[in-house]
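A, B, ... follow the sequence lines: proteins, then strands. Residue 1 opens every chain. Both backbone and side-chain heavy atoms feed into the values below; hydrogens, waters and symmetry mates do not.
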Amino acid sequence: MSARNVTDADFEAEVLKSDKPIMVDFWAEWCGPCKAVSPILDRIAEENADKIDIVKLNVDDNPETAMKYGITSIPAMYVFSDGEVKKRIIGAKPKPALESDLAEFLA
Amino acid sequence: MRQVIIVGSGPAAYTAAIYAARADLAPLVIASSVEFGGELMKTTEVENFPGFPEGIMGPELMTKMQEQAERFGAELVYDDVTKLELEGEIKRVHLGSGEVHEALAVIYATGSAYRKLGLADEERLSGYGVSWCATCDGAFFRQKKVAVVGGGDSALEEATFLTRFADTVYLVHRREELRASKAMQERAFADPKIEFLWNQEVAHIYGDEKVTGMGLVSTVDGTETTKDLDGLFVAIGADPRTHLVHGQLELAPEGTVAVRGRSSMTNLEGVFAAGDVVDPSYKQAITAAGSGCVAALDAERYLSELPAELLARAAGTAPQPQPASA
Ligand SMILES: Cc1cc2nc3c(=O)[nH]c(=O)nc-3n(C[C@H](O)[C@H](O)[C@H](O)COP(=O)(O)OP(=O)(O)OC[C@H]3O[C@@H](n4cnc5c(N)ncnc54)[C@H](O)[C@@H]3O)c2cc1C
C-alpha cells in the first residue's frame with residue numbers, strides 16, 4: 001500500500017483537521033532520495049496504522065503549502081498534530097533512524 | 001558464506017557486481033539503506049558517460065547499472081555496513097539490521113562524502129537553508145538570495161545552476177583565484193547574477209528557524225561583514241569514506257585507500273578497493289566503473305587461488321546470515 005496524496009486544496013481538511021498524528025512527506029518527481037525513502041515510509045505507515053497517518057505532498061504541484069511551511073530541502077517529513085507542526089525530519093534516513101525520530105508518535 | 005561481498009552501490013560497486021556475477025561468483029552487494037545508487041542519484045544530466053550520445057539522467061544510469069548486475073545474479077541488500085572485519089581468510093561484514101555476513105573476498109567501494117564547513121549552526125540549519133546539493137534543493141530558492149561556498153568546478157557548477165532560480169548568487173571563496181576549469185570560470189564571470197566575494201571565509205551562519213544570513217571574515221585583513229541570505233550551498237569538496245576501514249587498510253597520503261599500482265589490491269589479502277574511495281585525482285563515473293571492473297577481476301583471480309575446501313564452503317551455498325551476536 002502506498003501513501004495517498006494530499007494537495008494545496010485539501011491540505012486543511014486532510015492534514016490540519018486530522019484527528020490523529022499525520023506525517024506529510026514533501027517530495028518531487030526529480031528527487032532521488034525521495035524515491036529511496038518512500039517505501040520505508042510506506043512500511044512505517046503499515047506497521048503503525050493505528051497511531052499515525054502518512055501522506056505525500058508533491059511540492060511542484062502544490063507550491064503554496066510547500067512555501068507556507070518553508071520547505072527548502074526534500075524529502076522533508078513533517079508530523080502534524082492538532083493542526084500544528086510537531087516534528088520536522090529532513091533528508092532520507094534508514095528505517096531505524098526514522099523510527100527513533102518518530103518514537104513519540106509510535107509509542 | 002559468500003565468495004565475495006561488495007560494499008557500496010555507485011558505478012564502482014555496480015560494475016564490480018556485473019563482472020563478479022558474470023564470473024559466477026554470486027556477489028552480495030550491500031547497497032546502503034537510503035543512498036543506494038551513489039552520487040549520480042543527486043545529479044540531473046550525465047553527458048560524458050560513453051554509450052549515451054543524448055546524455056542520460058544520473059538516477060536512470062544507476063538504475064540501469066543495477067538491473068544489469070541483477071540480471072547476472074548479483075544480490076542486493078538495502079542496508080548499511082556498520083562494521084568490517086577484514087583480516088584473516090574469512091571476512092565479516094556487519095549490517096545495520098544486526099545481520100553478519102561472511103565472505104572470502106570484499107570489494108570496498110563506498111565513494112566519498114561531502115566536506116562540511118565545521119560551523120556551529122551548520123548541522124542545525126541543514127535542510128533549513130544549508131544544503132550540499134543545488135540540483136536537489138535549488139528550486140526552492142526562486143527569487144531568493146543564496147551563496148555558494150567553494151572555488152572548484154563543483155562550486156561553479158552549483159552557482160551557475162542556481163542562477164536558474166535565485167536572483168543573486170554569491171560565490172564565497174577563500175582566495176583570489178579559482179581552482180575551477182577555465183571554461184567554467186568564464187561562464188561564471190559572464191553571469192550577471194553571480195557575485196564573487198573574494199578572500200572571504202564563512203564564519204557564521206545566522207537564522208533561528210531557517211537561514212537568514214552569513215557572517216564573513218576577510219582572509220586578508222580579518223574584516224568582518226554580514227550578508228542577508230536565504231540559502232547557503234556548501235561545495236568545498238568531498239572526503240573518501242574510509243571510516244569503516246581505519247586501522248585495517250592502509251591509506252594513501254591523500255586520505256584515499258592505498259592500492260598497489262594499477263590494481264585494486266589493498267594491504268590485506270582478499271580485500272579490494274575501487275572508485276572514488278581510492279581515487280584522489282579523477283573522480284568520474286567512468287573511472288569509478290573502470291576501477292570496479294579491475295576489483296572484480298582481481299577478486300576473481302584471488303579466489304581462484306584459494307584452497308578448494310574454502311571455496312567449497314562459499315560456493316553454491318545460499319546466503320546464511322547469522323543473527324547479531326549479543
Ligand atoms: C552533483 C554531481 C554531479 C556529477 N556529475 C558527473 C558527471 O556528469 N559525469 C561523471 O563522470 N561524474 C560525475 N560526478 C562524479 C561521480 O558521481 C562519481 O565520480 C562517481 O559516482 C563515483 O562512484 P563510486 O562508485 O566510487 O562512488 P559513489 O557514487 O559515491 O557511490 C558510493 C556508494 O557507496 C554507498 N556506501 C557508502 N558507505 C556505505 C556503507 N557503510 N554501507 C553501504 N553502502 C555504503 C553509498 O551510499 C553510495 O551509494 C558527479 C558527482 C556529483 C556529486
How long is the straight-line distance from OG1 of A:Thr72 back to CZ of B:Phe141, given to the nearest 0.5 Å?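 One finds 4.5 Å between CZ of B:Phe141 and OG1 of A:Thr72.
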Using a cut-off of 6.0 Å, state whether more than 12 heavy atoms not belonging to [X] lie near its atom [atom1].
X	atom1	value
B:Arg124	CZ	yes
B:Lys210	NZ	no
A:Lys86	NZ	yes
B:Glu85	CD	yes

Chain B interface, residue from A:Val59, A:Asp60, A:Ile40, A:Ile90 that has the most non-hydrogen pairs under 4.5 Å: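 The candidate making the most pairs under 4.5 Å is A:Ile90.
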I'd like to check B:Thr135 versus A:Trp30 (side-chain heavy atoms, cut-off strictly below 4.5 Å). Are they in contact?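 With C-beta onward as the side chain, the pair stays apart.
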Tell me, for B:Glu209 versus chain A, whether the close heavy atoms (under 4.5 Å) come from the side chain, the backbone, both or neither.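 The side chain, not the backbone.
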Select one option (side chain, backbone, both, neither) describing which atoms of B:Asp230 are under 4.5 Å from chain A's heavy atoms.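 Contact with chain A is absent: no heavy atom of B:Asp230 under 4.5 Å.
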Portion of A:Pro96 that has a non-hydrogen atom of chain B nearer than 4.5 angstrom: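 Neither part.
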Identify the two heavy atoms, one from B:Val34 and one from A:Pro94, that lie closest to each other, and give their separation to 0.1 Å.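 Reported closest heavy-atom pair: CG1-N, 3.6 Å.
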Please report the closest heavy-atom contact between B:Phe140 and A:Ile71, naming both atoms and the distance.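 Closest heavy-atom pair between B:Phe140 and A:Ile71: CD2-O, 3.3 Å.
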